[in-house]
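The figures that follow rest on heavy atoms only: side chains count, while hydrogens, waters and symmetry mates do not. Here is how names work: the chains are called A, B, and so on, in the same order as the sequence lines, proteins then strands, and each is numbered from 1.
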Protein chains: 2
Amino acid sequence: MESELKRGFLVRQRAFLKLYLLKMIEANKRYGTQFLDDLRTEFKPYGYHPTHSEIYKTLHELTREGWVRREKKLLGEPGVDFQEIIIYHLTDKGKQEYELYRKQMKVEFDRCLGLLNQAMSDHYGPIKRK
Amino acid sequence: MESELKRGFLVRQRAFLKLYLLKMIEANKRYGTQFLDDLRTEFKPYGYHPTHSEIYKTLHELTREGWVRREKKLLGEPGVDFQEIIIYHLTDKGKQEYELYRKQMKVEFDRCLGLLNQAMSDHYGPIKRK
DNA sequence: CAATGAACACTATGTTCATTC
DNA sequence: GAATGAACATAGTGTTCATTG
């Protein structure tokens, strides 16, 4: 489960999304499409529009690794609305792994910010701050 | 030449390197391997170790687009050292394009910093600053 | 038709092999 | 052997198609 943390240039999208999905699942957010909509809304100001397949692939990966458990439900009123959705829950393992992963990602984000700030300084002069 | 600026998640390595290479070429730095060594040294603290093929591919792209001109030279003393190197120079077009590209990349870096800072805030609380 | 998932295609990037003086 | 370049392989991600109730 550490392939996404492998060093290189900047953090991979998959690792970035995994952290957000874990957070949303822990917060009892609901299902895939809702995760997607929430993320698109949040990142719209930054021109980042994740795809549905990236979200699902990440959720499947979390399931395969045993960090989350899936529960099938009906979206609306039973007998009226037959749309099935999948609710995610953190497993005990998932709770532990999330805590660790969150710490690792902090290091990774700091690294990326360092790299970008270095570039800013190299190309646009030292950072001005009052 | 704008494919690397296409919106998405974070800035692509190729675009990042292109900006650095233009800067180094403008500053009369020398040849490919030296660019590579300099960049590896600079980014070592950030765990980023670019590959030689990425550098050359970027240089070839700049050449193809007419932003730079190539000049073959011998590395050491003529008659003694036969190692050939390729020195790069900005063309007139390249000078103009570099200026524009640099501005575009500023916007892109700001966007990436925004995205990462948003994530930092979401996962590790608001940024503390005196 | 919405939600999910799989298949497929393409781009970005890294690793290995080749060449040349 | 160092510098360059090409070929090849893989990873990352997006687009399209399929399924299900």
Rounded to the nearest angstrom, tell me the gap between atom [atom1] in [X] and atom [atom2] in [N].
X       : N      : atom1 : atom2 : answer
B/Glu54 : C/dA12 : CD    : P     : 10 Å
B/Leu17 : C/dA12 : CG    : C1'   : 12 Å
A/Gln13 : D/dA11 : CD    : P     : 17 Å
A/His49 : D/dT15 : NE2   : P     : 9 Å
B/Arg12 : D/dA11 : CZ    : C1'   : 12 Å
B/Leu36 : C/dT13 : CG    : P     : 15 Å
A/Phe9  : C/dT13 : CZ    : P     : 8 Å
A/Lys18 : D/dT13 : NZ    : P     : 12 Å

I'd like to check the side chain to side chain donor-acceptor pair (under 3.5 Å) partners of [X]; sequence neighbours left out, ordered by chain and number.
X        : result
B/His123 : none
B/Glu99  : none
A/His60  : none

Qualifying salt bridge (Lys or Arg N to Asp or Glu O under 4.0 Å) pairs with a residue from residues 44-57 of chain A, counting only residues at least two apart or across chains: A/Arg14-A/Glu54, A/Glu54-A/Lys57
With sequence neighbours excluded, residues passing side-chain contact (heavy atoms from CB on, under 4.5 Å) with A/Ile85: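 Scan of A/Ile85 (side-chain contact (heavy atoms from CB on, under 4.5 Å), adjacent residues dropped) gives A/Tyr31, A/Lys73, A/Leu75, A/Ile87.
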Listed pairs, N/O of protein and of nucleotides 3-9 of chain C, under 3.5 Å:
residue: C/dA3; atom: OP1; partner: A/Tyr31; partner atom: OH; Å: 3.2
residue: C/dA3; atom: O4'; partner: A/Gln83; partner atom: NE2; Å: 2.9
residue: C/dT4; atom: OP1; partner: A/Ile86; partner atom: N; Å: 3.1
residue: C/dT4; atom: OP2; partner: A/Gly32; partner atom: N; Å: 3.3
residue: C/dT4; atom: OP2; partner: A/Thr33; partner atom: N; Å: 2.8
residue: C/dT4; atom: OP2; partner: A/Thr33; partner atom: OG1; Å: 3.0
residue: C/dT4; atom: OP2; partner: A/Tyr56; partner atom: OH; Å: 2.6
residue: C/dT4; atom: O5'; partner: A/Tyr56; partner atom: OH; Å: 3.1
residue: C/dG5; atom: OP1; partner: A/Arg70; partner atom: NH1; Å: 2.7
residue: C/dG5; atom: OP1; partner: A/Arg70; partner atom: NH2; Å: 2.4
residue: C/dG5; atom: OP2; partner: A/His60; partner atom: NE2; Å: 2.8
residue: C/dG5; atom: O5'; partner: A/His60; partner atom: NE2; Å: 3.3
residue: C/dG5; atom: O6; partner: A/His52; partner atom: NE2; Å: 2.8

NZ or CZ of B/Lys95 within 45° of B/Trp67 ring axis and under 6.0 Å: no
